[in-house]
Amino acid sequence: MTEPPPPQVRLHAEGLRLGYDDTIVVDGLDLDVLDGTITAVIGPNGCGKSTLLRALGRLLRPHAGRVLLDGAEIRRRPTREVARVLGILPQSPQAPDGLTVADLVARGRHPTQHWYQQWSSDDEAAVDEALRLTGILDLAERGVDELSGGQRQRAWLSMALAQGTDLLLLDEPTTFLDLAHQVDVLDLIERLHTELGRTVVMVLHDLNLAARYAGRLVVMREGRIVAQGPPSEVITERLLAEVFDLEARVITDPVAGTPLVIPVGSKHRTEGSPVPVV
Amino acid sequence: MTTPTTATPPAAAAVAAGPPETGARRRRRAVGLLVLLAALAAAVVASVTVGTNPLSPGTVWQALTSTAGPEADVIVHEIRLPRTLLGLLAGAALGLAGTLMQGHTRNPLGDPGLLGVTHGAALAVVLCIALLGVTDLLGLAWFGFAGAALAAVAVYLVGSTRGRGPTPLSLALAGTAVSWLTYSLVSAIVLMDQQTMESFRFWRVGSLVGRDPAILPQMLPFLLVGVVLALANGPALNALALGDDVARSLGHRVGRARVVGLLAITLLTGVTVGACGPIAFVGLIVPHLARGITGADYRWLLPYSALLGAALLVAADVIGRVVAPPGELQVGIVLAIIGAPFFIALVRRRRLVRL
C-alpha cells in the first residue's frame with residue numbers, strides 16, 4: 001500500500017553559469033543527482049564536464065545559479081561541514097615527494113579532526129578500512145611517488161574514502177590507467193555503491209565503461225546537458241553522431257547487456273552512405 | 001550476483017602497519033630532536049665564549065649570575081648575549097619562514113625573500129637614508145620592516161587575480177617581479193648618491209653584530225605572533241601540499257590559510273631583515289634539512305625548522321668570528337660560503353624534491 005518514498009535529491013544544480021575569468025564554459029545548466037546512484041558525466045573534450053564537477057563540489061564559484069547539497073546552498077554551508085558529507089577527487093592530483101600512502105590517506109581525515117585532537121582511534125580505523133577497500137594495505141608505508149599509476153590512483157581514492165563521505169565526486173578516476181586497472185578501479189567504485197550505498201558522480205572518457213558502470217549517464221556538449229538517463233536509452237548512434245561527431249555502431253555488450261559503442265573510422269566508412277543501421 | 005567481500009589478500013592482512021605513525025619514523029624524529037637540541041646548546045655556548053676575547057664558560061656563567069670583572073661583564077652582557085639572542089631569534093624566524101614559503105609556493109627553491117620582503121626592506125632603508133637622513137640602525141630596522149610588509153602586500157595583490165587569491169605559481173612570479181623592481185630602484189638610488197651608499201653598506205651585509213641591543217625586546221611581540229601563526233598553519237599546509245582543489249575538498253579555507261601563512265612570513269622575515277639586514281640561505285637550506293628528519297608532515301616540520309634555523313645561524317656566526325682573525329666575517333657571508341656547496345650536495349644526493 002505504502003509507496004516507496006521518492007528518491008532523495010542529494011545534489012541539485014540550477015541555472016549554473018560557470019567559467020574561468022571571462023570564458024564561460026557552462027551556461028544555464030540544471031542537474032539533479034539522486035541518492036544511491038552512480039552517475040557518469042560524458043562528453044567531448046572541453047565540454048565542461050570537469051568544470052561542472054568542480055562546481056558541484058564547491059571548488060568553483062558559479063557566475064550565476066546555485067548548487068544545493070541536501071537542500072541547502074552548498075556555498076553557504078561551512079566548508080568543513082560539507083567535507084564530512086561530500087568528497088571530491090580532482091583529476092590527476094599530485095602528492096609531495098616523500099609522502100607515504102598512509103600519510104596521504106590520513107590527510108583525508110581532516111574534516112573530522114579538531115585542533116586539540118589531531119588523531120584518534122576512529123581515524124586509525126577509517127584509514128585502515130580505506131586502504132583495505134582499495135587493496136593497498138600492504139603499500140601503506142611506501143612513498144606515493146614510488147607507486148605505479150594504478151596504485152597511485154588507489155591511494156588517492158583511499159584518501160577520498162577515508163574522508164568517510166557518502167557522496168563522492170570523481171574526476172576521471174581512470175586516467176592514465178591501462179584497461180585492467182581501469183576495470184579494477186571501476187569495480188571498486190561499484191562495490192562502494194552496492195555494498196556501502198555511496199552516491200557517486202564521476203567524469204569518464206570511456207563511453208563503454210561509463211555505460212557499463214553508471215546507472216545514469218549525463219551527456220554534455222558545449223557546456224550544456226544534451227541528454228541524460230539510463231545508458232540503454234541515452235547511448236544511440238544518433239547521439240554519438242550529434243554529440244561526439246562520431247560515426248559509430250551501437251550493439252549490446254555481450255557481457256553486461258549495456259550499450260557498446262563501436263566506432264566506424266575512415267577506413268571502414270562506406271562512401272556516400274550513412275552508417276548502415278543493423 | 002556475488003559480492004567479493006574478502007578483498008584483503010592474506011599478505012596485506014599480515015602487515016600490522018599502523019598508519020600513520022611507524023616506529024622508525026618516530027624514533028628518527030626523537031633522535032633528531034635530541035641531536036638538534038644538543039647542537040643548539042653547543043652553538044649557544046660557543047657563541048657566548050668564542051671571539052677576539054675568548055672567555056671560559058665558567059667566566060660567562062659568573063658574569064651572568066653575579067660578576068666576572070668589568071671587562072668580562074661588558075663583553076657578556078652587551079656584546080655576546082644580545083648577539084646570541086638575536087641569532088637565535090633571527091635563525092628560528094628565518095627557518096620557519098623558509099619552510100612556510102616552500103610550502104605555500106610548493107617550490108623547493110622557495111626562500112622567504114621570494115615574497116619580495118628582502119628587497120622591499122632594502123628599498124625602504126635606502127629611501128630612508130637618502131630622503132630622511134636616518135642612519136641609526138634601530139630606526140632603519142623599523143623602516144626596513146615597513147618596507148618588507150609593503151612589498152609582501154604588493155606581491156600578494158599582484159599575484160591575486162580577480163577576487164581569487166594567489167596560486168603557488170602566481171605567488172612565485174609576483175614575488176620575483178616585485179623583488180627585481182625594488183632591487184633596481186635600490187641600485188639606482190645607491191648609484192646616484194654616494195653618501196647613501198656609505199650608510200647602506202652597513203645595513204646591507206646581514207650581520208648579528210653592531211646592532212642596537214634595544215632591538216631585541218622590540219622584535220619579540222612581532223616574532224611571537226609570527227611563530228604562533230606559522231605553527232597554526234601546519235595542518236593547512238599539509239593539505240595545500242596536495243593541491244588547492246584537494247585542500248578545499250577536505251574542508252580547508254585555502255584563501256585564509258594562505259593569508260595566515262604569508263602574514264607569518266612577512267612578520268618573521270620582515271622583522272629579521274629589518275634588524276639584521278638580509279641573511280640568505282637559512283630559509284633555503286633549513287627546510288630541506290628538517291624535512292630529512294621529520295618527513296613531509298608540516299606539523300613536525302615547522303617546529304624543527306625553527307630549532308634548526310636557530311642552531312645554524314648561531315653556529316655560522318661563531319664560525320665567522322674565528323675564520324678571519326683578527327677581523328670577523330659577517331654571518332650572511334659565512335652562510336653563503338658554507339651554504340652554497342652544502343646546497344649543491346643536497347641537490348645532487350637526491351633529485352630535488354617535489355612539494
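Throughout, a chain's letter reflects where its sequence line sits, starting with A, and its residues are numbered from 1.
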- Where on A/Leu86 is there a heavy atom nearer than 4.5 Å to chain B: the side chain, the backbone, both, or neither? backbone
- Identify which part of A/Pro111 has an atom lying under 4.5 Å from any heavy atom of chain B, answering side chain, backbone, both or neither. both
- Are the side chain of A/Arg80 and the backbone N or O of B/His252 linked by a donor-acceptor pair below 3.5 Å? no
- Item | Sub-4.5 Å side-chain heavy-atom contact between A/Leu89 and B/Ser249 | no
- Message: Within the supplied structure, the quantity of interest is the number of heavy atoms (other residues, nucleotides, ligands) at a distance under 6.0 Å from A/Arg75 CZ; does it exceed 12?
- Response: yes
- Query: Is there any salt bridge (Lys or Arg N to Asp or Glu O under 4.0 Å) pair reaching into residues 162-173 of chain A, and which pairs are they, with sequence neighbours excluded?
  - Reply: A/Arg10-A/Asp166
- Close side-chain approach of A/Met159 and B/Val246, heavy atoms under 4.5 Å: yes
- Query: Is the number of heavy atoms from other residues, nucleotides or ligands within 6.0 Å of CZ (B/Arg28) greater than 12?
  - Reply: no
- Message: Can you pull out every salt bridge (Lys or Arg N to Asp or Glu O under 4.0 Å) where at least one residue sits in residues 234-245 of chain B? Sequence neighbours excluded, please.
- Response: A/Arg54-B/Asp245, B/Asp244-B/Arg258, B/Asp245-B/Arg248
- In Å and rounded to the nearest 0.5 Å, what is the CG to CZ distance from B/Asn238 to A/Arg107? 3.5 Å
- Is B/Leu242 close to A/Leu104 at the side-chain level, that is, under 4.5 Å between some pair of heavy atoms? yes
- Item | A/Arg216 CZ: over 12 foreign heavy atoms closer than 6.0 Å | yes
- Message: For the backbone of B/Ala241 and the side chain of A/Gln94, can you confirm whether one donor and one acceptor N or O come within less than 3.5 Å of each other?
- Response: no
